Each structure stands twice: as C-alpha cells, then as structure tokens.
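So the structure is just underneath, and the comments pick up after that.
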2 protein chains.
Amino acid sequence: MTLKDVALASGCSIATVSRVLAGTRSVGAETARTVRAAAERLGYRPNHVARALRSRSTGTVGLVLPQITNPFFPTLVRELEHALHAEGRAVLLADCDDDPATEAARISALLARQVDALLLIPVDERHSREAVAAAAAQVPLVLLDRGCGPGVADSVAVDNAAGMALVLAHLAATGRRRPCFIGAAGTASAAVERHTAYENGAAALDPAAPGRLALGDFSVEWGRAAVDRLWPARPDAVVCANDLIAAGALQRLRQLGADVPGEVAVTGFDDIPLAGLADPALTTVRQPVADLAAEAARLLSRRRADGSSGPCHTVRLAPELVVRASSGAAAPAVPDGSFRAS
Amino acid sequence: MTLKDVALASGCSIATVSRVLAGTRSVGAETARTVRAAAERLGYRPNHVARALRSRSTGTVGLVLPQITNPFFPTLVRELEHALHAEGRAVLLADCDDDPATEAARISALLARQVDALLLIPVDERHSREAVAAAAAQVPLVLLDRGCGPGVADSVAVDNAAGMALVLAHLAATGRRRPCFIGAAGTASAAVERHTAYENGAAALDPAAPGRLALGDFSVEWGRAAVDRLWPARPDAVVCANDLIAAGALQRLRQLGADVPGEVAVTGFDDIPLAGLADPALTTVRQPVADLAAEAARLLSRRRADGSSGPCHTVRLAPELVVRASSGAAAPAVPDGSFRAS
DNA sequence: TTGAAAGCGCTAACAC
DNA sequence: GTGTTAGCGCTTTCAA
C-alpha cells in the first residue's frame, strides 16, 4: 500500500494524496474526501522511513541513560515515553552501563540513525561532556536529572538545594538537633548540590553539623558502611543523599539496635518505590517526575524552533517533601523520666 | 557526506563503495582499502534511513512492555538492549501502561515505523492476543516472560514450575511442614503456573497445604492483605508468587509480631533488587535474565531465517534458588525447652 | 487547487 | 570485480 495505490484508487495524483494525508497544504474539500475514503478503504499506512528520507526528520527521539536498573529511572522513562508518544514521536532507548565510553558509542549510534533529538541523563559530569557537547551541536539535546558542565546543553532537573532545605526544616521542626549527612563523592551535580545544601542548611541546627558527614557513592552498600563511621557520634538524624543510601543506613542502624525514628531519624531523596516499602517507611524528597518529563519535552520543542544556537536554558523544578515513619516522633532525649527543658 | 562523495574521492563507483562499506559482496582488496581510506578521511557516516528504505530493513527492534516501572523489567530491558545493540540493532521502547488498548496502539505505531521485529511482554494473556497475533503475522515476534495463548508466537520464559519446586524442596529440607501460598488470580501464565506448581508440590509436605492459599494480584498491598487471611491458620512458611507479594507479606507479618524466619519462613519469586534489601533478606527464585534476553535474541534471528510460517518455539529456562535470611533456621516448634523428636 | 517531475541516499539487479 | 541503472515511498518545488 503506497501513495501511488491511493492515488490510482482516488483518481488524482500522488502529490495531491500526499498533501491531503500529511495536511501540508490546502486541498479541495471534495478531493480531500475522496482521497481519505480511498486511503481508508485500502488501509493505507504511511511509510515513515520514506517520509524520513525525504523530509530529513525521523520522528524519533533518542533516550540515553546511565543504567535503566537505577530505580529512579524507570518512572522517568515511563513519563518521557508517554510525553513523546503523545506528540507522535518514538523513543529509541540506549543504556550506557554507567560507562562514559559506552555512552559515547550509544550517542553516535543514535545520531547515525538520524534521531531528531536526544534526551540524555549523563553518566558523569566531566567524562560525558565531550560526547554530549558534540551531540548537542548536531541535534536538539536536553539534559535530564544531572548536569554536564555549564553551557553544554539545555537541562532540566529538580532543585536539589530546595529539597535538602525541606528535609532540614522538617528535622528542625520535629526537634532534631544533631543531624549528620551521608552523601556521594565526585562531581555529579546531584551529589554536589545535595551535599552543599546540607552544609549550608545544617549549621542552623547545630554548628557542628556541617562537618558531620561522610561521602561515598549512591549505593545501599555505602549507606551501610557510612553508618558505621557516623553512628559513634550519636546523631539524632541521618540525612541521606538518596533513597538507596538511606535504605542501607536504615538496615545497618537496625542491626546496631538503634531505634528509628525514636532515637534517630533517617531521610532519603528521590522517593523511589523502595522508599515506601522500607521499614520504617522512608521520609524522602519526591522528584516531580511527570513535570520533569513534560518540561524536557517542552525544551526539546523550543530548541527545535530556536535552532542549535541560542543560550542554554536551565529549568529547576521544585521537589516535595514526603514525610513517612522514618522521621516520626523522636523519643524524649532523657528517657529516664526527668524533666527536660526544651 | 554521502556515498557519492566517497565514490568521487576514491575514484570508483557508488555501487562499489556501497559494497565495501556494507560488506555485501567481495571487492578487490586494493579498491577496498582506497574506499575505506576515503570514507575515513571524509568522516562518512552511512544514512540508515536511506539504507532502510532501499533494503526494507530498519535494523530496529520494538520492545513492548506492560509497565517499565514493574521492578522485574528494568534488568530484563537492560539485557535485551545490550544483546540487540551487540548485533547492531536499535531498540524502540514502548510502555503500555498495563493497558491492552494502549498496547495495541503501541504495536501498530511500531509496525508503522517498520521495526524489523518485535519483542513483547504481553499485558494480558487473553486481551493482548488479538493484537499480538496480528503483529506476529507481519514481523518476527518473540514473547517474553508471559505467554499469550498457545500457538500465537515464539516465546521464552522461565520455568515457573521448576522454580516453585525448588522453593518447596528447600522448605521441606529445612523442616517446614505447614506452607501456604499467596498468589495472583487471573490467566497470566506466571500466575497460573506458579499457583499450579504450588498445589502440585505442596501436598508432599502436608495434605492440607494445597488448599491453604489466597489469590489476588502481584502487588505489595495484596501481600499485606493476604497475610491477614492466612496467618490465623498458623503456617510455618508463606510461599509467594513474586517478590512484591513477599515484601508485603514480610511487612505485615512483622507488624503482627511474627518471627521471620524463626516462626514462619517467607519466599518470593523473581529476585528483583528489592529482595536482597528486605529485612530479613528474601529467599527467592532468580530468573536467568541474561539468558532470557540472549534466548529471545536468538529466537528472533531464527524466526527471521525461517519466515513467519513454521511452528512456534517455546523455550523454558531453568531458574535458580537464592537462599537468604527469610527462610533461615526455624525456631524449635516447642520453644519451652522440652525435648522434641525430629 | 492540482499535476509532473525531481530527487532524499542507498541497495540490488543486471551487465560487462 | 566493478560500473550502470533503476528504483524504495515520499515530499516538494515548479508549472499549469
């Protein structure tokens, strides 16, 4: 079934049929009806490949992620897929195995396939930069969740500092005074921003708090290990840079016999599905995933309109605090019943 | 940069360049070298769209899933992406929101984009059948993880019955004698097969065991709710049809003050990342995800060779039991210290 | 408003 | 082994 068949069946030219079906130009009402009827009758389906070759636009968007198994990404992928599908675009998925070299290879494979645009969560702030910049010069590209150096491309992410501030305000309001922080080392923007925001905000609770921290990576294992380093200081709150760290911290605290939340509160970041399932359920910062996806799609369209020059837009979306059991009521600081001035 | 440019630069015809670069036919060693050098020098990148239009093969595979947020799928997607990328294919991702109508729409969108093949985890055994059968008539199609009625398409999945048998054997070996089962209702193949395998295997432990079960869905919430129904019967093992159910069961049992694993063992199925993080860590059945992906890719190639006729192949892969704390040593049945004959 | 015709970049017959 | 040629199905000038 090609345009030619429809043209033959409807008694007009291929060009006219194309115009009717693609809606490119005004066509006589009568002709249009005839053509549409013929197309319908023959079950005509346009050939996207031919259309792409001619119009130099495939209608596909490449989605490049560090690791689909990172539990924060599936919901994001889902929202992105829906947002793009709603505009009639298809999503080419690439998983980079958390490796910048693989990432560079995937990016060029997608470019070779003529994706119209790229949505990319960079593997690494520094090591991804070169490949990302090169790609951004070729197609509209929007960075998601993580940055990649200033001025490289448009980007959309949650406001990490605001999220951390929400956590600290909540801890302060519920009477916690000796927080500590388990974060991630390295230059990844989420790691740096959350860490910095903790240091800036925690001083208000306790002058010694900003120094009470340990930096590792965004994993459960690190959460467990870090507790062993920080617990001797007897914090009354463990602020974690993401939910995986918090899950590990929770586990280890329980093994050590600590009472969560009575003795010590634990908080996460991201609100991955695991957070609600932990025991006690994890207080955390929810990323506005659907909004992130919508905003990314919007930036993509805008960039397509503006051309590859023009300044980079950076969008920061406000997160939301989700209070659950892990930061519930603290036990009295002096549990023997004596009076304590608050 | 087109073939024409390379042809001009290397002094031979477009066709020859095509043959060298696509490796379609034997070419003189000398010519080949010249051509390759020219292509390299000019930074030639083949245009996949034009190639697809001409050769009627896009080199893309559609991957259709019920919901990427189902925690079992990300690892599978990752393995599939890697397996396909290794053969130079790109993956078009479609998420169906667990809805058969959306699934049908996504399938036809992918078909319109001329995917070479479809990898599909059906949303529903019955309601997906029509769209799947129609798609299978057009392109090679392999069903993954779940079935879709007999004879519809090639399929690859874990051997659910074998997995359940491993669980029951383990429970028997560790002295459990009053198992119960929390499963999922409906016709989904995993639900039916695991349920049936439990009924068949549990009778060996206890004649009453096959009847001690509750059927709901594959969710944490159902796991919690089912415990309330089954716990009054005082089982010494709760066999769950997947890890999410088991996570819910574990939660609720702890709320009820039950001692896991001392008083009651809990087992899951799939070995999603959550399983290792639960407390106590969950004994479960690990799906051979990488093998499933590899086998799916293999079936796809074979189907491409065989043509769309020919009998459907069904591959079942052996699962592996992962023993963790949730099925550890049982407490003595009579904890008051009196002698108990084993 | 419509039609004829020229390709998009590539592969695949078919000649030589 | 290599070149010539004819399209794949579509969009888009350019004329009418």
Side-chain angles (χ1 to χ4, degrees), chain A residues 1-39 42-60 88 90 109 111-116 138-139, chain B residues 1-39 42-60 88-90 109 111-116 138-139 304:
Chain A
M1 265 317 109
T2 73
L3 275 191
K4 194 164 149 200
D5 298 307
V6 179
L8 248 47
S10 62
C12 58
S13 76
I14 295 180
T16 304
V17 176
S18 168
R19 296 197 262 254
V20 171
L21 266 26
T24 353
R25 232 157 66 183
S26 62
V27 173
E30 177 65 18
T31 328
R33 210 169 323 117
T34 322
V35 168
R36 255 186 272 276
L42 298 177
Y44 169 76
R45 311 279 297 157
N47 182 323
H48 285 239
V49 174
R51 179 175 287 180
L53 179 60
R54 187 58 236 238
S55 64
R56 331 198 67 67
S57 154
T58 54
T60 59
L111 254 21
R113 286 184 183 278
Q114 331 263 85
V115 291
D116 288 348
Q138 296 199 42
V139 294
Chain B
M1 263 321 106
T2 74
L3 275 192
K4 197 164 145 199
D5 298 307
V6 179
L8 248 46
S10 61
C12 59
S13 77
I14 296 181
T16 303
V17 177
S18 169
R19 294 195 267 253
V20 172
L21 266 27
T24 353
R25 234 160 60 184
S26 62
V27 173
E30 177 66 16
T31 327
R33 213 169 319 119
T34 323
V35 167
R36 255 186 271 275
L42 299 177
Y44 170 77
R45 310 282 296 157
N47 182 324
H48 284 239
V49 175
R51 179 177 287 179
L53 178 60
R54 185 60 238 239
S55 65
R56 327 195 71 63
S57 155
T58 54
T60 61
R89 310 192 164 281
L111 255 21
R113 287 186 183 275
Q114 330 264 84
V115 291
D116 287 348
Q138 295 198 44
V139 293
R304 188 169 298 120

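Computed from a predicted structure; not experimentally measured.
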Notebook entry, point to check: So do the side chains of B/Y44 and B/L21 get within less than 4.5 Å of each other, counting heavy atoms only?
Noted result: yes
Check: Roughly how many Å is it from CG in A/D5 to C1' in D/dG9, rounded to a whole number?
Finding: 11 Å
Next item on the list: Please state whether the phosphate of C/dC10, meaning OP1 or OP2, lies under 4.0 angstrom from any side-chain nitrogen or oxygen of B/S18.
Entry: no
Check: Looking for any heavy atom pair under 4.0 Å, which part of the strands does A/T2 touch: base, sugar-phosphate only, or nothing?
Finding: sugar-phosphate
Next item on the list: Find the distance A/L53:CG to C/dG7:C1' and express it as a whole number of Å.
Entry: 9 Å
Check: Between atom NZ in A/K4 and atom P in D/dC8, what is the gap in whole Å?
Finding: 7 Å
Next item on the list: Kindly indicate whether the side chain of A/N47, heavy atoms from C-beta on, has any atom under 4.5 Å from the side chain of A/T2.
Entry: no
Item checked: Whole-Å gap separating P (D/dT11) and CG (A/L3) -> 6 Å
Between protein and nucleic acid, restricted to nucleotides 4-6 of chain D and to nitrogen or oxygen atoms under 3.5 Å apart, what atom pairs and distances do you find?
none

Next item on the list: Taking all heavy atoms of A/R113 and all of A/T58, pick out the closest pair and write down the distance.
Entry: O-CG2, 4.0 Å
Margin query: Between A/L42 and A/V6, is there a side-chain heavy-atom distance shorter than 4.5 Å?
Written below: yes
Notebook entry, point to check: Over how many whole Å does the gap from B/H48 atom NE2 to C/dC10 atom C1' extend?
Noted result: 12 Å
Checklist line | Contact summary for B/A50 and A/L53, nearest pair of heavy atoms | finding: CB-CD1, 3.7 Å
Item checked: Positions of residues 25-37 of chain B (non-hydrogen atom under 4.0 Å from DNA chain C), listed by number -> B/R25
Check: Is any side-chain heavy atom of A/C12 less than 4.5 Å from a side-chain heavy atom of A/T34?
Finding: no
Notebook entry, point to check: Is the distance from OP1 or OP2 of D/dG9 to the nearest side-chain N or O of B/R56 less than 4.0 Å?
Noted result: yes
Notebook entry, point to check: Between A/R51 and D/dG9, does any side-chain N or O lie under 4.0 Å from OP1 or OP2?
Noted result: no
Notebook entry, point to check: Mind checking whether B/D116 and B/R89 have side chains closer than 4.5 Å, heavy atoms only?
Noted result: yes
Notebook entry, point to check: Does the side chain of B/R45 reach to within under 4.5 Å of the side chain of A/L111, using non-hydrogen atoms?
Noted result: no
Check: Rounded to the nearest 0.5 Å, what separation is found between the CZ atom of B/R36 and the OG1 atom of B/T31?
Finding: 10.5 Å
Notebook entry, point to check: Nearest nucleotide by nearest heavy atom, which residue falls closer to the 5' end of DNA chain C, B/T24 or B/A50?
Noted result: B/A50
Next item on the list: Measure from CG on A/L21 to P on D/dG9 and round the result to the nearest Å.
Entry: 16 Å
